[in-house]
Amino acid sequence: MQKQFLAACKSSANTDKPLSLQTLASFRSHIINPHTSDTTISVIVETLTRFLQLSCDASALHHTLKLLGDLASCRPNLTSLIFDSVRSKLFSSAESTLLSTYSLAVLASISNLNPNLTIGVDHQFFVSLCFGPCVSARLWLLRNAERFVPRPYVLFPVFLGFTKDPFPYVRKVALDGLVRLCNSGFVFNDQYMVEGCYCRAVELLRDEEACVRAAAVRVIGGWGHILSASCQMENATEWPDAVFVQLCSMVRDMSMEVRVEAFKALGRIGIVSDDLLLQTLSKKVLGKIKENKFLLNCAADWFKISASSAAGAFMHGLEDEFYQVRKSACHSLRTFAIFSSVFASEALNLLMDILNDDSVDVRIEALQTMLHMATCEHLKVQEMHMHMFLGNLVDNSTSIRSTTRKILRLVKLPNYELFKLSVDGLLENLEKYPQDEADVFSVLFYMGQSHGNFVVCIINEIIEEIEPVSDGYDSVRAAAFLVLAISAPLSNEKYLYDIPPRIFSYAVTFLGKISRALCGVTSQKFLLAYLSQCSRYSNSFDVEFKDEETSLSVVQDHIQGHTSTSSSNAVTRALLPMGDETSEVQSQRLLEPTLVADSCLEDHLDKEDQVMKFVNSILAKVKDIWLLVHAGRSLEALRSLRACKEELSTFSSETLGSADALAFTLQYLRMVKLLAKIWEHFLPAMRLSSTGIGELELLFGKLDSFLRGMRCRFIGLSNKEVLHFLEVIVVTYVLRLSKVEICCCLTTRKKLSATISLIESLLKEGSIEPSDFIVEVTNSLHELSTSTSGTSCGPFLFNKLIDLFYLKQLTLSGRLSHVKAELDVPDNCSQKPLSFIPGLPVSIPLDITLCNILSESRLWLKIWSQESIQFVFLDFDILGGGDEMKKFTFVAPFYPTPKAVCFALMVCVGMECLDEDLQLVKCRGGPKHALTYLCPEKEVYLSMVSKD
């Protein structure tokens with residue numbers, strides 16, 4: 001059969017007859033079969049390339065190009081040959097526009113496989129293809145224009161010209177090309193070019209198609225910003241306001257997509273006149289700008305726009321019927337609330353109304369905006385706002401409650417009444433949602449530091465509630481007030497005289513509960529020393545320090561996290577009074593009441609719950625650390641990650657049980673560290689740089705291994721936690737696709753599509769909402785799949801997606817089981833090697849311990865040397881099924897023993913990741929999916945049998 005096929009191929013190659021569809025289908029079956037011989041593949045390549053040069057039938061040529069593209073994908077060693085054949089056909093004959101475009105698509109996909117291959121398309125030839133009659137070809141060419149014509153000054157007139165195309169989707173793609181040029185980092189010094197682009201986009205704001213108007217809004221947002229920054233005309237100061245008003249005029253467009261894009265563009269505008277900003281919050285036109293108009297001379301056309309167009313822009317957005325528009329308006333408002341305190345004060349009324357919104361996403365976005373305002377000290381909360389605001393503390397959504405508490409952590413309350421209302425709101429939160437205890441205590445601690453005088457007043461009012469002798473004693477409520485009381489003296493020493501010393505004694509009895517809540521602020525050991533020392537002194541508080549360097553200011557700095565662990569030990573020693581007893585005896589005496597008081601509490605709290613709370617407090621910090629990475633402060637972020645790892649190791653050495661959750665958290669911190677190092681290469685200052693590609697590929701490989709291991713080696717992850725890791729996997733693919741030097745588009749896009757499909761199936765199972773990043777990636781893939789050819793895409797399409805990714809907070813909700821193994825070779829070392837005969841198989845006895853292995857798992861022994869590699873399957877049917885812990889001895893055969901006196905092997909236990917969609921073809925009889933390794937590799941020493 002094989003000989004007949006080869007004879008038929010050679011016969012077809014020697015004639016001018018067109019290849020039939022049956023023959024092409026036969027070719028395809030051989031191409032995609034990995035076991036097809038090299039001889040057969042060579043004959044197929046020869047037949048297809050000869051037919052490509054001789055045939056004139058468009059349909060047959062299209063099929064031939066598709067087969068050649070598949071060949072290059074399956075046989076990387078043939079990429080150069082196929083590339084040259086297709087390229088010579090492209091430039092040697094005048095084929096149809098559609099066929100030439102498809103040839104370019106095939107060349108682009110092959111160049112992704114082999115970056116050394118350059119297409120080298122002349123820009124005149126490219127433009128002539130764009131002017132061809134085929135609309136689908138024109139769309140693909142404009143979407144991928146940067147791959148073939150990388151010079152912005154050549155692409156600019158192409159994109160600008162096609163904004164007048166009669167087909168709306170072509171106009172939209174041309175406008176998107178102008179946006180990509182704007183975001184490419186290239187500096188356009190020609191003022192008239194920028195003006196012409198801006199004014200053309202203004203004209204298209206009146207286009208009948210919503211997709212064109214939305215694209216025009218994006219162009220105005222991008223090129224308007226360049227125009228405002230670079231214009232040196234006399235009326236240059238009017239440009240930022242003019243762009244702002246032009247965008248405001250689109251927030252009432254009939255299309256929801258256009259309104260969303262208008263608010264997104266507004267959020268990227270810089271400083272705008274205060275009068276215009278205030279006008280967006282009022283539908284009534286203010287007198288100051290009623291007569292103000294912008295007359296802009298753009299490319300010999302005069303555009304007149306009145307400043308009154310901005311009237312009520314944000315009000316319209318926040319009252320929109322679609323939640324996507326309301327959410328976008330909240331996000332856009334954040335930018336100006338940070339720049340202008342006056343605007344922030346007026347906008348707060350609108351944001352408070354949004355807290356009643358039906359959409360959880362909109363309410364969270366409004367709270368996030370208020371959080372940014374509080375960070376910039378522009379949040380001035382009034383009494384009329386408090387009941388609406390504090391109502392979020394008892395909301396059903398965990399995210400809403402958490403964000404509200406973050407705002408309270410930062411906000412400065414003007415009077416005692418508002419402070420007391422806030423404390424009551426937090427206590428109500430604590431009563432209704434006990435699981436929020438740690439975060440509520442942490443917020444009370446920060447509020448107490450910022451409002452010391454109010455703390456003294458409230459403690460004097462409720463001191464009877466703290467007394468442990470009263471009936472109906474509420475320990476949680478008392479602990480909350482004690483956290484308030486002990487925080488005030490740390491902000492100002494004078495409050496030590498106003499708080500009764502017994503308060504600190506009461507706080508010692510709640511040391512376990514309080515220290516868990518403040519684990520991110522101070523250590524339990526230091527907190528114990530501080531509380532015990534304060535409880536020993538009366539109102540004439542006078543602490544005697546052993547040296548001047550450990551004064552009360554040092555104590556305050558340590559509680560606020562400004563000193564190191566070593567200095568905390570010094571402070572603890574300094575706080576212990578000098579006198580009759582040694583520091584050890586004092587420490588033991590101070591610790592005794594704490595152990596007695598906490599003994600009842602520990603009976604009710606499961607140790608695993610304590611570990612989970614601690615682990616989640618560590619994971620909560622990672623979200624804030626990622627903001628440093630995203631802002632380009634990688635060194636600071638890596639230092640914070642190291643501090644988290646040190647804190648984790650300290651806890652794990654003192655805690656029994658729950659080692660699996662601690663191991664998971666340690667792996668997660670290492671994963672984030674790798675992602676942070678990769679992210680450095682994609683910061684705006686380094687995106688166009690090609691340095692360090694080898695290092696980047698190594699980091700990507702390590703990150704892939706970590707992600708695969710965390711998904712497969714930890715059992716018990718919820719859908720939300722799995723979705724968290726899938727989103728990280730998606731961003732790794734997007735990062736690869738956005739880097740020209742490492743872009744392997746075909747394989748990476750297949751993996752990306754498979755991961756997105758898995759995410760969509762998870763989202764259908766529950767009420768989890770996808771992030772904006774996932775939504776945009778899904779839309780981008782959909783656009784590529786609906787284009788003329790989805791086989792190729794440039795990095796420019798994925799560059800814009802990178803900035804949308806933010807690492808979400810990961811919270812473990814259930815018990816995890818760590819899949820792991822231990823491997824040992826008994827009685828084997830370099831001095832006691834195993835015996836073997838060269839050329840014959842050798843048996844290797846192994847002691848194997850497996851933990852938490854599921855019965856459906858597929859385990860392999862990987863045995864390798866410098867010359868060869870071998871996989872041995874561990875059959876659970878023979879070994880007796882899966883248990884929580886299983887120990888057994890297994891004799892593994894190793895067949896390719898070398899002709900050597902002695903040699904060494906490496907052995908490791910690996911598990912197939914069965915949920916990996918992309919199968920990897922290994923050596924025959926080996927695993928079909930990627931392996932994650934469950935134990936460190938073990939070295940085995942072997943020596944040839946002596947003839948004696």
Practice task
Could you please spell out the steps behind the side-chain contact (heavy atoms from CB on, under 4.5 Å) verdict for His387 and Leu421?
Solution key: CA-CA 8 Å; His387 292 285; Leu421 277 175; 4.2 Å; yes
Exercise for the section: Using the ring pair (Phe, Tyr, Trp, His ring centres under 6.0 Å) rule, take Tyr806 and Trp679 through it: C-alpha gap first, then chi angles, then the decisive distance, then the call. Expected result: CA-CA 12 Å; Tyr806 283 90; Trp679 200 267; 8.4 Å; no
Practice task
Tell me, with the steps shown, if Gln809 and Val622 meet side-chain contact (heavy atoms from CB on, under 4.5 Å).
Solution key: CA-CA 7 Å; Gln809 179 176 334; Val622 177; over 6 Å; no
Exercise for the section: Applying side-chain contact (heavy atoms from CB on, under 4.5 Å), run through Leu413 and Met447 and close with a yes or a no. Expected result: CA-CA 9 Å; Leu413 299 171; Met447 287 180 64; 4.2 Å; yes
Problem - Derivation of the side-chain contact (heavy atoms from CB on, under 4.5 Å) call for Gln368 and Leu371 - result: CA-CA 5 Å; Gln368 288 288 352; Leu371 178 61; 3.8 Å; yes
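The backbone N or O of Tyr446 sits less than 3.5 Å from a side-chain atom of Ser450, completing a donor-acceptor pair. Remark: side-chain polar atoms of Ser184 are paired, donor with acceptor, to backbone N or O of Leu181 under 3.5 angstrom. In this structure, the side chain of Ser328 does not engage the main chain of Gln324 through any donor-acceptor pair within 3.5 Å. Side chain of Thr778 to main chain of Ile774: a donor-acceptor pair is present (N/O by atom type, distance under 3.5 Å, no hydrogens or angles). The main-chain N or O of Gln279 is never found under 3.5 Å from a side-chain atom of Ser282 such that the two would form a donor-acceptor pair. In this structure, Arg213 contributes its side chain and Glu208 its backbone to a donor-acceptor pair below 3.5 Å. Although no hydrogens or angles enter the test, the distance criterion places a donor-acceptor pair under 3.5 Å between the side chain of Thr369 and the main chain of Cys330.
Taking each heavy atom of Ala210 and Val258 in turn, the nearest pair found is O-CG2, 3.5 Å. Contact record, Gly267 with Ser332: N-OG, 3.2 Å, taken as the closest heavy-atom pair. Residues Ala344 and Ala337 approach most closely at CB-O, 3.5 Å, considering heavy atoms. Counting all heavy atoms, side chain and backbone alike, Phe126 lies closest to Leu141 at CZ-O, 3.4 Å.
With sequence neighbours excluded, no residue forms a salt bridge (charged side-chain N to carboxylate O under 4.0 Å, His left out) with Glu209. By the salt bridge (charged side-chain N to carboxylate O under 4.0 Å, His left out) test, Glu760 pairs with no residue at all, sequence neighbours left out. Remark: Phe244 engages Phe336 in a ring-ring contact (aromatic ring centres under 6.0 Å, His included) (not counting sequence neighbours). Listed by chain and residue number, Glu365 satisfy the salt bridge (charged side-chain N to carboxylate O under 4.0 Å, His left out) test with Arg334 (two or more places apart in sequence, or in another chain). With sequence neighbours left out, the ring-ring contact (aromatic ring centres under 6.0 Å, His included) criterion links Phe389 to no other residue. The ring-ring contact (aromatic ring centres under 6.0 Å, His included) search around Phe773 returns Phe805, not counting sequence neighbours. The side-chain hydrogen bond (donor to acceptor under 3.5 Å, both in side chains) search around His724 returns Tyr668, not counting sequence neighbours. Partners of Lys283 under the salt bridge (charged side-chain N to carboxylate O under 4.0 Å, His left out) rule, at least two apart in sequence or in another chain, are Glu319.
Within the structure, every pair that satisfies the side-chain hydrogen bond (donor to acceptor under 3.5 Å, both in side chains) test and touches residues 338-356, not counting sequence neighbours, is listed here: Asn349-His385. The stretch residues 261-271 participates, sequence neighbours left out, in these side-chain hydrogen bond (donor to acceptor under 3.5 Å, both in side chains) pairs: Arg218-Glu261. Pairs of residues two or more places apart, or lying in two chains, that qualify as side-chain hydrogen bond (donor to acceptor under 3.5 Å, both in side chains) and include a residue from residues 149-170 are His123-Arg151, Arg138-Asp165, Thr163-Arg200. Sorted by first and then second residue, the pairs that involve residues 375-404 and meet salt bridge (Lys or Arg N to Asp or Glu O under 4.0 Å), not counting sequence neighbours, are Arg363-Asp395, Arg401-Asp436.
Proximity of Met373 to Ile338: side-chain heavy atoms (C-beta onward) are nowhere separated by under 4.5 Å. Between Phe162 and Cys130 there is a side-chain heavy-atom pair separated by less than 4.5 Å. Tyr198 is listed as a side-chain neighbour of Val202, based on a closest heavy-atom distance under 4.5 Å. Phe156 is listed as a side-chain neighbour of Met193, based on a closest heavy-atom distance under 4.5 Å. At least one side-chain heavy atom of Arg180 sits under 4.5 Å from a side-chain heavy atom of Glu146. Using a 4.5 Å heavy-atom cutoff, the side chains of Leu379 and Leu410 are not in contact. Side-chain contact between Ile678 and Phe682 is present, with heavy atoms from C-beta onward closer than 4.5 Å. Inter-residue side-chain proximity for Asp320 and Arg259 is flagged as met; some heavy-atom pair is nearer than 4.5 Å.
Of the charged side-chain nitrogens involved, at least one lies within less than 4.0 Å of a carboxylate oxygen, so that Asp176 and Lys172 count as a salt-bridged pair. Asp772 has a carboxylate O that lies under 4.0 Å from a charged side-chain N of Lys327, or vice versa, which qualifies the two as a salt bridge.
Two rings, from Trp140 and Phe148, have their centers less than 6.0 Å apart.
Taking the six-membered ring where the residue is Trp, Phe314 and Phe263 present tilted rings, their angle falling between 30° and 60°.
Taken from CG in Asp357 to CG in Leu318, the straight-line distance is 9.0 Å, to the nearest 0.5 Å.
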